[in-house]
Asker: 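Provided herewith is a single structure, encoded as structure tokens, for subsequent inquiry.
The chains referred to below are lettered A, B, ... by the order of the sequence lines, with proteins before strands, and numbering in each begins at 1.
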Amino acid sequence: MKINIALAQIDTKLGVVEANLEKHLVYAKQAKGADLVIFPELSLTGYVLQDLVPSVRARPSADDPVFKQLLRASKDIDMLVGFVEEDQRHRFFNSAAYLSKGEVLHVHRKVYLPTYGMFDEGRFFAWGDSVRAFDTPYGRVGVAICEDFWHASPPYLLWLDGADLLYFISVSPGRGLNGDDALESARWVEHVGQAYASLFTSFVANVNRVGFEDGLNFWGGATAYDPNGELIAKGPYHEEALTIAELDLDELHRTRARLPLLRDERTALVQRELGRILDERGRAL
Amino acid sequence: MHNIDLNINPTLARKILTGFIRTEITRHGFQRAVLGVSGGIDSTLCLYLAAEALGPENVLALRLPYKTSSKESLEHAQIAIDATGVPSKTIDITPMVEPLFEQFPDMDPLRRGNVMARQRMIIWYDQSEVFDALPLGTGNKTEILLGYSTIYGDSAYALNPNGDLYKTQIRQLAAAMGVPQVIIDKPPSADLWAGQTDEGELGFTYEEVDKLLYLLVDRRYTAEECVAAGFKRPFVEGVIERVRRNHFKRIMPPIAKVSNRTVGYDFLYLRDWGT
């Protein structure tokens, strides 16, 4: 079985949800024919929201004015979108929702909120507290948002939870300009995406946004890797683009016949040793 | 000394910096930029970037000489203006600053230089109204870190494409963009008084200090580690102190907090809010 996923590396307007929603609908139309269109982290709101967070929130349900329109569009194509989620008790999350055929199949709340250096997410968002894979019409999926995949545990847990398709979304500020053809931040993200595809013999797609917010640039460069860690598709740097990647899902069968890393994974050992380590070292780890 | 590579990919730098200028001007409803062009490398590079980002017709270059400004500076600025094809104005600041100098005959060159830098800023902002443009800053990372600028003079602008490139990187990018060699090769000078050069005034070369700043700032080396890397201790300590002492030029001045929500502390929005 082959599926086509469309990697929509868009620019967004900071805090202007209606304009960003409009762009999602345009890109979803453009991607028609593909099975899924993936948007970047916080694609409905922009990234450095700071005190804008409470005013750009949405609830991923049909009675929300923003999601109502997205859910309608998802009847033609599956969508993965980034947004600010407000829960019933008014906590705000950096979330991603997977929409399919008018339904919300899954919401992932970012588990790791970078709060150091140029990042300040922990100041404005509550952290998510679960990592779950979920079924879609096109295979079992795991979603991670930017910093989530800089920690090995969320992709690892998603893999063990049955995800063969890892969809990573990010807003990566461009930095590390040196003599190379790509920014250091681009190369870092490409390295880890390729590494997860290889280590987990799974498909990995990453969609990162483009554009500027004040002095920050975002470099785009969407990528998709097959279960061998080979690059399938790559979007341009620093420009809006819709990049189609064809995923031959039968490659999972072929790769895992050659390289049974999933079969040989010693989960009981991991659990035992992790239990021991946490017992011995407590939370000081 | 360790091999410290400040080399940048000029194609990538050009793409990011022209994108920055275009985006950060147009998203606020403007199409145009205005900048002072001194004939030095920083403002020339900025002029080339702006002309490429916005189209030359949308960039106004201002030559703002004082009577002692070097003829060469003015000529070099004209070469850059001609090469980019931007509109320009030449406005002599002498009759504007002279009355103030006359009131304080003992004014030293530093004060006079600051007055001139601030007078130029007044003209940039005034012309930005006339030209319906935003003023571009041209100071580089070396200058910003060392505080080698006049606060509310050349440090005042709406946006700055150069400010995260060290002087040596400015030279590399300028060469790649075709800035005339004569402008790249001449000794950098604020030209606030005759014979002034940056490196003479600072007491070290940009090439030396850029490498040190790169280790201190970008690579987070300690002073001890910089000494171990081959820099002389007094040089390292002097530069660290200079960076610290001039930090006030790099931040918004503090506001005394008395309310529950205060600009700068807990009223937090990017400038691009809503765009």
Asker: Please classify the contact of D181(A) with chain B as side chain, backbone, both or neither, using a heavy-atom distance under 4.5 Å.
Answerer: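 When you check distances to chain B, atoms from both the backbone and side chain of D181(A) fall under 4.5 Å.
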
Asker: Spell out, as yes or no, whether a donor-acceptor pair under 3.5 Å connects the side chain of N7(B) to the backbone of G179(A).
Answerer: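 Absent.
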
Asker: Between T12(A), L183(A), L52(A), V16(A), which has the largest tally of heavy atom pairs under 4.5 Å with chain B?
Answerer: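 That would be L52(A).
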
Asker: From F20(B) CZ over to L216(A) CG, what is the distance, rounded to the nearest 0.5 angstrom?
Answerer: 10.0 Å

Asker: Show, in sequence, the C-alpha distance, side-chain angles and deciding distance for L12(B) and H238(A), and conclude whether the side chain to side chain contact (heavy atoms under 4.5 Å, CB included) test is met.
Answerer: CA-CA 10 Å; L12(B) 191 51; H238(A) 291 289; 4.2 Å; yes

Asker: Using non-hydrogen atoms only, which part of A19(A) is less than 4.5 Å away from chain B: side chain, backbone, both, or neither?
Answerer: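 For A19(A), no heavy atom lies under 4.5 Å from chain B.
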
Asker: Which region of R261(B), side chain (C-beta onward) or backbone (N, CA, C, O), has a non-hydrogen atom less than 4.5 Å from a non-hydrogen atom of chain A, or is it both or neither?
Answerer: side chain

Asker: How about CG on D129(A), more than 12 heavy atoms from neighbouring residues, nucleotides or ligands closer than 6.0 Å, or not?
Answerer: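 No, because the 6.0 Å sphere around CG of D129(A) holds 12 heavy atoms or fewer from other groups.
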
Asker: Answer with side chain, backbone, both or neither: which region of L165(B) has an atom nearer than 4.5 Å to a non-hydrogen atom of chain A?
Answerer: side chain

Asker: Counting neighbours of CD on E241(B) that are heavy atoms of other residues, nucleotides or ligands and sit closer than 6.0 Å, is the number greater than 12?
Answerer: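 For E241(B), atom CD is crowded (more than 12 foreign heavy atoms under 6.0 Å).
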
Asker: What part of R175(A) gets closer than 4.5 Å to chain B, counting heavy atoms only: side chain, backbone, both or neither?
Answerer: neither

Asker: Supply the atom-to-atom distance F267(B) CZ to Q50(A) CD, rounded to the nearest 0.5 angstrom.
Answerer: 10.5 Å

Asker: For a quick test of reading the model, state the closest non-hydrogen atom pair linking D51(A) to L268(B) and the distance between them.
Answerer: OD2-N, 2.9 Å

Asker: Around atom CD of E184(A), are there more than 12 heavy atoms of other residues, nucleotides or ligands at under 6.0 Å?
Answerer: yes

Asker: Could you check whether atom CE of M252(B) has more than 12 heavy atoms from other residues, nucleotides or ligands sitting under 6.0 Å from it?
Answerer: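 Open.
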
Asker: Tell me if a side-chain donor or acceptor on K15(B) pairs with a main-chain N or O of Y237(A) at a distance below 3.5 Å.
Answerer: yes

Asker: Within a radius of less than 6.0 Å around NZ of K13(A), do more than 12 heavy atoms belonging to other residues, nucleotides or ligands occur?
Answerer: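 Count not over threshold, so no.
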
Asker: Would you say L14(A) and T275(B) make side-chain contact, with heavy atoms under 4.5 Å?
Answerer: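 Contact flag for L14(A)/T275(B) side chains = no.
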
Asker: Has K257(B) got more than 12 heavy atoms of other residues, nucleotides or ligands less than 6.0 Å from its NZ?
Answerer: yes

Asker: Using atom types as modelled and distance alone, determine if a side-chain donor or acceptor of N217(A) lies under 3.5 Å from a backbone N or O of I16(B).
Answerer: no

Asker: Looking at side-chain heavy atoms only, is the closest gap between L177(A) and Q169(B) below 4.5 Å?
Answerer: no

Asker: Which region of T23(B), side chain (C-beta onward) or backbone (N, CA, C, O), has a non-hydrogen atom less than 4.5 Å from a non-hydrogen atom of chain A, or is it both or neither?
Answerer: side chain

Asker: Please check if the side chain of R27(B) supplies one atom and the backbone of F212(A) the other of a donor-acceptor pair under 3.5 Å.
Answerer: yes

Asker: For L6(B), is there any backbone N or O sitting under 3.5 Å from a side-chain donor or acceptor partner on N178(A)?
Answerer: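 Not at all, since once roles are kept as given, no pair shorter than 3.5 Å links the two residues.
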
Asker: Can you confirm whether more than 12 heavy atoms, excluding those of R245(B), are under 6.0 Å from its CZ atom?
Answerer: yes

Asker: Tell me whether E24(B) contacts the main-chain N or O of G215(A) through its side chain, where contact means a donor paired with an acceptor under 3.5 Å.
Answerer: no

